[in-house]
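Contents: one structure, followed by commentary.
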Amino acid sequence: MPGKITLEIDGVQIEADQGQYLIDAADNAGVYIPRLCHKPGLEPYGSCRLCTVVVNGRHCSACTTPVANNMVVENATENLQDFRKMIVEMLFVEGNHFCMFCEKSGNCELQGIAYRLGITAPQFPYLWTKKEVDASHPDILIDHNRCILCARCVRTSKDLDGKHVFDFTERGDKKKISVNSSARLAGTDVDITDQALDSCPVGALLRKREGYQVPVGQRLYDLKPIGTNIESPSTDNDKK
Amino acid sequence: MKRINGKILLIGYGNPGRLDDGLGPAFASKISMMRLNNVTVEIGYQLAVEHAEMISNYDVVIFADASVSGSEPYQFTDVEPTLDASFSTHSVSPSSIMGLAQNIFHAKTEAYLLTIRGYEFDDFGERLSPQATENLHSGIHFLKSALGTTSYEVKS
Amino acid sequence: MTDSIECMVEVACKKVGCDPTRLLDVLISIQSRSQCINNETIDLIAGHLKTPRVQIESVVSFYTFLSKEPKGKIAIYLSSDVIDMLKGAEEVAAAFTDELGIEFGQVTDDGNFSLDWTSCIGMSDQAPAALINGTVVTELNVEKSRQIIRELKIHMDPDSLVKEAGDGNNSNPLIHSMVRNNIHEKGPIIFGLLNRGDAIRKAVRMSPVEVIRALKASRLRGRGGAGFPCGMKWEYTRAAKADCKYIICNADEGEPGTFKDRVLLTELPDRIFAGMTIAAYAIGATEGILYLRAEYVYLLNFLEEILQRRRVDGLLGQNIANCEGFHFDIRIQLGAGAYICGEETALISSAEGKRGDPKNRPPFPAQSGYLGYPTSVNNCETLSCVTKILEEGSASFSMHGNRQSTGTKLISISGDCTHPGVYEVDFGISLRELLNLAGAQSPEAVQVGGPSGQLVGVDDFERKICFDDLPTGGSIMVFDASRDLLQIVRQFMDFFVEESCGYCTPCRVGNVILKNGMERIIKGNGEPQDLVQFKQTAEMMKSCSRCGLGQTSWKPVITSLNNFPSLYAEKIQIDPDGFQRSFDLKEAVRLSESITGRVSTHSHQK
Amino acid sequence: MVASNTNPKSKRIVIQPVTRVEGHGKVTILLDENNKVKQARLHIVEFRGFERFIQGRPFWEMPVVVQRLCGICPVSHHLCAAKAIDQIVGGENLTPPAEKLRRLMHYGQTFQSHSLHFFHLASPDLLFGFNADPSIRNIIGVAAEYPELAKQGILMRKFGQEVIKATSGKKIHGTGAIPGGMNKNLSIHERDELLKDIDQMVQWSHGALNIAKNYTLEHMDTALEFGTFESNHMSIIREDGAMDLYNGGLRAIDKDGNKIFDHVDNQKYTDIIAEEVKNWSYMKFPFIKSIGTENGWYRVGPLSRVNTCDFIDTPEAEAARIEFKDITGGKPNHLTLAYHWARMIEVLHSIEKIKELLHDPDLQGKDLVTKGDRRDEGIGVIEAPRGTLFHHYKVNKDDQVTMCNLIVSTTSNNEAMNRAVQKVAEDHLSGQPEITEGMLNHVEVATRAYDPCLSCATHDMAQMPLKVTLLNVDGQVIDERIKQ
């Protein structure tokens, strides 16, 4: 049984387990630190940088930083929220995110965070990059326009599905998700039951022909902003 | 000295694509994020006659808009209902809306206009000028206290 | 043909024992033999190394010198660095294009030649320069470039282009290169006299802890740029509990404008290897890796020979320097073209046969580095200093330089000066003195520390080269009044866009946004708001990027903006009609017009 | 919106690609040497980028994607695309609950769109006359003078929007229709909320109908003159000849009411209709193939629908239709201004339909989606508030859209609107080379009758800024006026 330690987030003392990552400790204590690439159950990755916090005066990502006793953490400061907004806006201008008709709307973590941070439109000019759709598989689709390169599918496929369907190719602004086949997704051993499909925070990796099943008003973030389940896990749906 | 209470509707309007013209919506979305119990927030490009009906269901309506030449950092005034037709169909003024609300929906709603001073309107872009952002914060601070226990004075 | 590819893959894989962590070696070997690593080859490698093909594709696509599409039998990579550009790389490019009848990025129909740009190849003192199948050609001009192509068309042998070898070991048959050392200032530490093997022999007479103590006493700081105290790094690595540890020498100097490690590797490799051996002794490592950047592949055979000689001399291998139980050897890991691999954790990833993605920290390499084992990564120059410190003692080292920055520094100077080359100077020298040494007649701006350093103007010339004033990993680029600094800044941003690994959002997108912003400003479409946005973006990149690249890549923009504000002010105009200047209406409706299949005769007026 | 909106620069129009397209109408009138109208053209800035944009997109996105074409009648695009996509999944024979829910949504849409148009745009003209001072000839003027009527207008539109929200999740741009059906039914609570107001809505619809009817009857002289010309008419029609806004075959009649074609299967629309591109408009000009480009143009929308149908299957609207037809002795009505009257007949029809549907227990049904054999092509046709709307998609084996063709209602009325503008210009120019306020008003009213949907991405009111340019015989601009 690992020992308990205490640390402080935005002036509030919380308890954490030795060896925990900061973001998980914050979750347990009901403190929401925005994130996209982090998902419980997966190896910490630290690519989106949304969970950047200030620990003892230094910036670092909460999802890759282990807790330490008496750590002093800044999380919801205006400065950090501004940085997070910029990061989310960068993801919006980098891809082609048309929330208005995306089937993931209302269930999308990127959109959810944008709403939570109060972003209406990005301040950066759109990059208008051309990205493709891989619809070759009979049941599964990758829309690169919406991929935020969080590697959740890469890690889930590898670590939870025991496959290696996805990985990144290229680098820099050309970096993209590729699949384990020279013949697009159809050539891989991906399966409609793979957990990787559910790991995508946005509408990039989808089961085909399932869009819009959930009516507006009943979607994940229609009633409660993203993060509410962390901040008040008991009140599930009645958060006003 | 007055105090704002009751069921409140906040309408922030303006075009967020025209720099400081987005002050109204920005204001409204900030207030909306506070998730105040008695405040309903509505955001739009402009006031439309439909708002008259909506307004009539509230005790208080606060219009939040940008101003090009009003006093800094913001101005808070009563809205007198009128039905003079000095407007274009494209946009309706708060007093016309209140005129409509009173005339056709018999609204008893108290109405206030919060105009936040902006500076840059003649360009396209979804951002606020630095000074406008400061004014926005002052406005928020003001409204927070006006909705709280502190009373405020109506400037005219 | 297929047979031979299968055969080639099998040989390459077996050579590394089908070890997937040696994937990079396999790929480099196949690329050089068959000019590409296509889908079929990837599948073959995947079979031998029992690795998912997408993981191999991932690595292939990461590195500049690996490619899925075939390159020419003769692959020409022209350096696109700022210095190459101002020395006429574009004319050289035009000459190549003209002679070969292909554009950059293309291959000739007969498959014999391909043309590509690449980032700085470490030859800024003899720019413009290019790599031709690994052979370096320097001081190119239009005539020389045309001649090179004509000759190659006849003999197809890049090595024959070396008519006259450079000075020093450049003429060693194992190097045989036209590269010149251009050493203009020899200091007492790096270029001071030394007896080969003495430092190691002295070290093994001390305990490892004493060696580390000596280093700490010298206050030697890492020469790669970050300036982390070397002794402390070793202490941490030594303290980590593990049955295996590594020392890696970072010979991947990719910072544009730096080439001093090239000279060290050419002239003083024994000191580097001695430093590695001493490090191994101090931290308890049994294996060492010299990570050699792909651009310096022409030094590979020479370096292998040196290593072999050291083994023969008992300076590597079992019971080194007759020290019972001290076993250590070094292998050379060749890179494949990626600036990011100069970052120590990215370098480790690369040495493990992966993409050159930096790793999350913590854990630091001292706890968990190469293959998860405690690892110390030190730069060539740092290790050379180690050798000197062990040989002559800490005090003789720390008497040079100043309190925070002891010893000497190797500087690579290039650009608008009469003596571009390598200078060993004491830390604390002023920038102006350095410029004088290099014969910079009328410097207007100096890029100190490469693109991730700072662009300074005349007002800063009295500042000192050292860690707490003007730090540099070694790159100093000089620009006179004839240079367009905004263009230079834009080129630096091009470089970062190209070289970002793309792992984290701030760096992957931020650099593109800054680059596009620079382009807007240069075109005269900049707005005051752009400058505000530059600063906000930079602040975020600095605080939120995952590694040093993104944490500093905004610097060309911001330091030039701070030090040369008028350059920006001149370009920024407010449209009299209040229009957004960057908005191009014609361009905006172009797509619509193409879709509708007609050109509007009543197009919108502003 | 700026508090003191006097800044002259605010008239600028900047169009950003894809994200924001502002629509505006532009009229060019070319004079001959005697200052007589030689040619009048309504140029419409409408980028038809959507057809290209959606290539490669998965087909099930279509109903949600294409509704973004329009902020006024998105439901029409939503349902029309859904009808086309139903065929792709082999689910065109919807379950009764699904079909009824879609119809409910569609009638709600027609009701709100027609109400909006009538009260906001048409009623000021009708109540105050076209020549009235523009400062009172608007909805606020109506509100001041006829508060009860303004209230009705606002609440009728709201009711229609509530119907849409109950069926699609949102008042605007919801997701209700999915391939082969619907994603939600109507809860008892939602139904009862709507039923509370239904009788009031029926009553007010009668009132609106009377205003439109009486105006037309009282101003028959003006109406006869006003941009009126004979034309063909087209709509879809139920198998038994009844008006049907959601489903049916295509019927076209000529100016005398003779059928040009009838009960043509929607899937064969390309056999009977083709589109012509003209270099001065982004819009295409559709025409009936058998007649040709010159005379094959036709009108669509409320007037055409009342003209083409044999009867209306709700009693009160049918009574209104008979009264309407009596004016022309059963022949087609060609009065441009009669669009308003016809539109109000449809308002009444829609609310009657809504009432009928709300009482149908199928709306609480749970069997909402059906599927069958997969196909590669789907064509949806629906009667949008403004007229017949076509959506045509082709899909590859990977479920990606490879071809999309949309014929929107306003496109079909393109030629008619141009004729109307020409007629009005001829009537009101009377030899003087300047644009008068009256002419500007008349041009606006003539186009407005067709309720053109030009402001696809402008704000929530169907107001169209109009720019009229007068050119002399040499093509030089001699006058130009903008009506905001």
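The figures here come from the full heavy-atom set of this structure, side chains too, leaving out hydrogens, waters and symmetry mates. No experiment lies behind these values; they were computed from the predicted model shown. First the proteins, then the strands, lettered A, B, ... as listed; each starts at 1.
Between chain C and the residues A/His164, A/Arg84, A/Lys174, the largest count of heavy-atom pairs under 4.5 Å involves A/His164. When each of A/Cys48, A/Cys37, A/Ser61 is scored by its heavy-atom pairs under 4.5 Å with chain C, the top score falls to A/Cys48. Interface remark: of the candidates A/Thr188, A/Leu50, A/Leu80, A/Asp173, A/Asp173 forms the most heavy-atom pairs closer than 4.5 Å to chain C. Ranked by heavy-atom pairs under 4.5 Å with chain A, the first of C/Lys542, C/Met540, C/Glu498 is C/Met540.
Contacts between C/Thr51 and chain A at a heavy-atom distance below 4.5 Å are absent for every atom of the residue. Contacts of C/Thr537 with chain A are made by both backbone and side-chain atoms, with heavy-atom separations under 4.5 Å. Of the atoms belonging to C/Cys501, it is backbone heavy atoms, and not side-chain ones, that fall under 4.5 Å from chain A. Contact of A/Thr169 with chain C is made through backbone and side chain together, with heavy-atom distances under 4.5 Å. A/Val54 does not touch chain C: none of its heavy atoms, backbone or side chain, sits under 4.5 Å away. Contact annotation for C/Ala338: both backbone and side-chain heavy atoms come within less than 4.5 Å of a heavy atom of chain A. Contact of C/Asn511 with chain A is not made at all, since no heavy-atom distance falls under 4.5 Å. Using a 4.5 Å cut-off between heavy atoms, C/Tyr63 contacts chain A through its backbone alone, with no side-chain atom that close. Looking at A/Lys163, there are no atoms closer than 4.5 Å to chain C (heavy atoms on both sides), in backbone or side chain. Contacts of C/Gln533 with chain A are made by side-chain atoms alone, with heavy-atom separations under 4.5 Å and no backbone atom involved. Looking at C/Val512, only its side chain comes within 4.5 Å of chain A, counting heavy atoms on both sides. Residue contact with chain C, scored on non-hydrogen atoms closer than 4.5 Å, involves the backbone and the side chain of A/Ser182 alike. For A/Ile148, the part lying under 4.5 angstrom from a heavy atom of chain C is the backbone only.
When atom types are taken as modelled, the side chain of C/Arg355 and the backbone of A/Phe168 share a donor-acceptor pair closer than 3.5 angstrom. Looking at C/Ser543, its side chain never comes within 3.5 Å of a backbone N or O of A/His59 through a donor-acceptor pair. A donor-acceptor pair under 3.5 Å is formed between the side chain of A/Arg49 and the backbone N or O of C/Cys544.
Summarising the geometry, atom CD belonging to C/Glu539 is positioned 11.0 Å from atom CG belonging to A/Asp82; distances are rounded to the nearest 0.5 Å. Within the model, atoms NZ of A/Lys175 and CZ of C/Arg508 stand 6.5 Å from one another, a figure rounded to the nearest 0.5 Å. To the nearest 0.5 Å, the span separating CD on C/Gln55 from CZ on A/Phe166 amounts to 15.0 Å.
At most 12 heavy atoms of other shown residues, nucleotides or ligands fall within 6.0 angstrom of atom OH in A/Tyr115. By the 6.0 Å contact criterion, NZ on A/Lys176 is open, its count of non-hydrogen atoms from other residues, nucleotides or ligands being 12 or less. No more than 12 heavy atoms of other residues, nucleotides or ligands shown are found within 6.0 angstrom of CD on A/Glu43. Taking a 6.0 Å sphere around NZ of C/Lys535, one finds it holds 12 or fewer heavy atoms contributed by other residues, nucleotides or ligands. Environment of CD in C/Glu69: sparse, with no more than 12 heavy atoms of neighbouring residues, nucleotides or ligands closer than 6.0 Å.
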task = Could you please spell out the steps behind the side-chain contact (heavy atoms from CB on, under 4.5 Å) verdict for C/Thr505 and A/Met86?
result = CA-CA 10 Å; C/Thr505 318; A/Met86 260 188 261; over 6 Å; no

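The minimum heavy-atom distance between C/Arg546 and A/Gly46, with the atom names listed, is CD-O, 3.1 Å. The minimum heavy-atom distance linking A/Met90 with C/Ile513 is given by the pair CG-CD1, 3.9 Å. The heavy-atom pair separating A/Pro44 from C/Asn360 by the smallest distance is O-ND2, 3.9 Å. What you find for C/Ser58 and A/Asp167 is that their closest heavy atoms are OG-OD1, 3.9 Å. Scanning all heavy atoms of the two residues, the minimum distance from C/Val54 to A/Asn180 falls at N-OD1, 2.9 Å. Here the closest non-hydrogen pair linking C/Tyr503 and A/Tyr45 is OH-O, 2.8 Å.
In this structure, the side chains of C/Arg520 and A/Pro125 come closer than 4.5 Å at one or more pairs of heavy atoms.
With no hydrogens or angles considered, a side-chain donor-acceptor pair links A/Arg171 and C/Thr64 at under 3.5 Å.
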